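Structure record follows, encoded as structure tokens.
Quick caveat: nothing in here was measured; it's all calculated off a predicted structure. Residue numbers begin at 1 in each chain, while the letters A, B, ... track the order of the sequences.
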Protein chains: 2
Amino acid sequence: MAVRRQPTLRDVAAAAGVAVSTASRALTRPGRVNANTADRVVAVAKELGYIPSASARALLSGRTATVALVLPDVTNPFFFGLVRGTGARLRESGYVQVLADTEESAEVELDTLRKLRGQVDGAVLAASRLSDEQIGAAAADLALVVVNRTIPGTPGVLLDTAGGMVQALEHLASSGHTRVAYASGPATSWSDRRRREALEPAAVRLGVELVVLGPYAPLRASGAQAADAATDAGVTAVIAFNDLLAFGVLERLDARGIAVPERMSVIGCDDIFGADLVRPALTTVASPVEQAGRMAADLLLARLEGGRSGDEDGDGFDEPAVSARDAAFPVMLPTRLIVRSSTGAAG
Amino acid sequence: MAVRRQPTLRDVAAAAGVAVSTASRALTRPGRVNANTADRVVAVAKELGYIPSASARALLSGRTATVALVLPDVTNPFFFGLVRGTGARLRESGYVQVLADTEESAEVELDTLRKLRGQVDGAVLAASRLSDEQIGAAAADLALVVVNRTIPGTPGVLLDTAGGMVQALEHLASSGHTRVAYASGPATSWSDRRRREALEPAAVRLGVELVVLGPYAPLRASGAQAADAATDAGVTAVIAFNDLLAFGVLERLDARGIAVPERMSVIGCDDIFGADLVRPALTTVASPVEQAGRMAADLLLARLEGGRSGDEDGDGFDEPAVSARDAAFPVMLPTRLIVRSSTGAAG
DNA sequence: CTGAAAGCGCTAACAA
DNA sequence: TTGTTAGCGCTTTCAG
């Protein structure tokens, strides 16, 4: 209950009958001290439950062993993999991860970044709402790695959802669809622009008419609008900006008695929790988000620790070693289409 | 790119032509300094982009303005509300929230708590895997608030899921079910024990035969086992430990061609994301998790800041003011049954 | 191999 | 009102 005072290095030194500096050495580099002395100090430290003060270390070294993950919305399922991926890697390397929710607001994000400066050694910025210039400026004060964004000079990890969307279109084309809608996401979304730019030529190549609908907020609630716009547009398939939006589309179509996939095929993006739970199960573009998180963390650690190389851990085939040298070039991770029952032959 | 050196208070003082202490005062309590001087210092600080060093402050004050949220699994949707609730409250009060994932392991949890000591001012411990004694011991070193746990002397917030389960049983009884299964959760789960203790007398009172199945891991993957055990037991309804397990039950029943709710009713717990998305939509016990998070944060802040009272924010009816004095008594939050289409009259 | 002392950036006495 | 000084806990010269 009452939190008791922590023993300091001085307490340990006194109890072990040595000077603080000796105690410090014994604890941090046992090599440079008499083995017996070192053992004694370590034993005493353990007995006293000594834990070095992170603040004192940070004050001295200027490094906090803390990294922030900055997200627009912690509760968006899309980010779970990222949280887990960065968290795992950072923990392995002895870093603490702090989570910052910017509430989808550029202002909050800017403010957060400002506060973070000095509190953390670096930050992973995911789905930033800031402009390239703002991010660039922030990168001058804080080691930054961006996810799904390309900022010249700032390392980043990209998820190739645009490529996945093209796969989705190919899948539809091969099932006989000739008129397909893309329900687009936020106008400010960098990913959304890239996807449209990839879908348009692909549609031409495949002989498919592409109708761009939206923009829509990437939420379930916007799905009804998107579904209605799709039926109005006379398409036989909709590719949605993300799964949340696709869920809403499915709901609306169901409510209107429009059979999926018989009369309308639906494809989402992200393969979030629930995509295989809805009925019909959602065909969607899956990204290796957790791997992206690990890579982002590696990129950041490489910069912080100056040239440490990314260690492969077996699950990440295709996971290139990361060095400080590479860090300036964004890494692109492949995505893939997962076909479930929400897509079928053209109605 | 290259992170430049941060200006210190000394730089500010020098640029403003005053002593560091004056600069410090000007920045922290403008009242105790000549207005002109203060203005000048503030202006210079702003111009230089001065940000006080959190480490130095922490070293001096012993407080870090950081609070940890310790969870067994960050990616379990049940905890999202908690993350958001504690995060919101803490941010409001100027605290930074750090997230610690203990990977469902008591060892990792213990280790995490040990490391956290000194790094944070306090921690919210949710669904701890530790024994009462271990938590008690940890509370001697770190201000702690527990969620869904009662530890004598440690403040806590409880979600009355046991009460919700009784509501579920009443719902089933009133629909004519006379033989009902409870698919139980982890043997070490405190919540699970409370629920069984509440369900048994309720079953007697309602004239329902209660069959306890399990224990099962609270995961979708365990649902198949639970579903099979339920049909073997000849019940017409299953109440599952949580929604994840219930999803698995639904899947298995669907695969076996057993109609829900016609031949088997299914009820979950937590109302996680996806519960209303599955078909049939899941009847479940919803808890005010976000509110629980806010209250847990309030409880912790009250201890940290010594007697600050919880502020009501309009959305939390039933949200009592929290004072340091109350903190030793766990607060119990009511839950409610959300009836969807996975339950119906007894088959 | 070990000890004494300086100093990281800041705040809080204590003087002036 | 302002400046000077000490010291938070630690690591790191620099002597011994």
Side-chain angles (χ1 to χ4, degrees), chain A residues 3-42 44-45 48-66 94 115-121 141, chain B residues 3-42 44-45 48-66 94 115-121 141:
Chain A
V3 178
R4 63 166 174 259
R5 196 182 77 81
Q6 299 293 328
T8 76
L9 190 57
R10 237 162 80 173
D11 301 327
V12 175
V18 297
V20 256
S21 52
T22 304
S24 172
R25 280 187 285 252
L27 261 14
T28 53
R29 344 137 188 299
R32 302 174 63 85
V33 107
N34 180 296
N36 297 327
T37 318
D39 287 349
R40 188 153 37 92
V41 171
V42 170
V44 169
L48 262 47
Y50 168 73
I51 305 221
S53 151
S55 322
R57 278 234 176 98
L59 179 55
L60 202 56
S61 66
R63 313 221 306 89
T64 59
T66 302
K115 280 190 184 155
L116 250 23
R117 197 200 310 184
Q119 293 247 46
V120 301
D121 294 338
D141 293 320
Chain B
V3 177
R4 62 167 174 260
R5 196 182 77 80
Q6 299 293 328
T8 76
L9 190 57
R10 235 161 80 175
D11 301 327
V12 176
V18 296
V20 257
S21 54
T22 304
S24 173
R25 281 187 285 253
L27 261 15
T28 53
R29 341 133 189 301
R32 301 173 62 85
V33 103
N34 179 296
N36 297 328
T37 318
D39 287 350
R40 187 153 37 92
V41 171
V42 169
V44 169
L48 261 47
Y50 167 73
I51 305 221
S53 151
S55 321
R57 277 231 176 102
L59 179 56
L60 200 58
S61 66
R63 313 218 309 89
T64 59
T66 302
K115 280 189 186 157
L116 249 25
R117 197 198 312 180
Q119 294 246 45
V120 300
D121 294 338
D141 294 320

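- Between B/R63 atom CZ and D/dC8 atom P there is a gap of 19 Å when expressed in whole angstrom units.
- Listed candidates were D/dG9, C/dC10, D/dT12. Nearest to the side chain of A/S21 is D/dT12.
- Between B/R25 atom CZ and C/dC14 atom P there is a gap of 14 Å when expressed in whole angstrom units.
- Using a 4.0 Å heavy-atom cutoff across all strands shown, B/S55 reaches no nucleic acid atom at all.
- Here the nucleotide nearest the side chain of B/R57, chosen from D/dG3, C/dT11, D/dC10, is C/dT11.
- Distance, A/L27 CG to C/dT2 P: 14 Å, rounded to whole Å.
- The CG atom of A/L27 lies 11.5 Å from the OG1 atom of A/T22; values are rounded to the nearest 0.5 Å.
- Note that the CG atom of B/L59 and the OG atom of B/S53 stand 9.0 Å from one another [nearest 0.5 Å].
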Please walk me through it: do A/R57 and A/T28 pass side-chain contact (heavy atoms from CB on, under 4.5 Å)?
CA-CA 12 Å; A/R57 278 234 176 98; A/T28 53; 4.0 Å; yes

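- Side chain A/T28 to base D/dT11: no donor-acceptor pair is found below 3.5 Å.
- The interatomic distance linking A/I51 (CD1) with D/dC10 (P) rounds to 11 Å, in whole Å.
- Looking at the side chain of A/L59, the nearest of the listed nucleotides C/dC10, C/dG3, C/dC8 is C/dC8.
- In this structure, the CG atom of A/L60 is 11 Å from the P atom of D/dC10, given to the nearest Å.
- Residue B/R32 contributes atom CZ, which lies 15 Å from atom P of D/dG3 at whole-angstrom precision.
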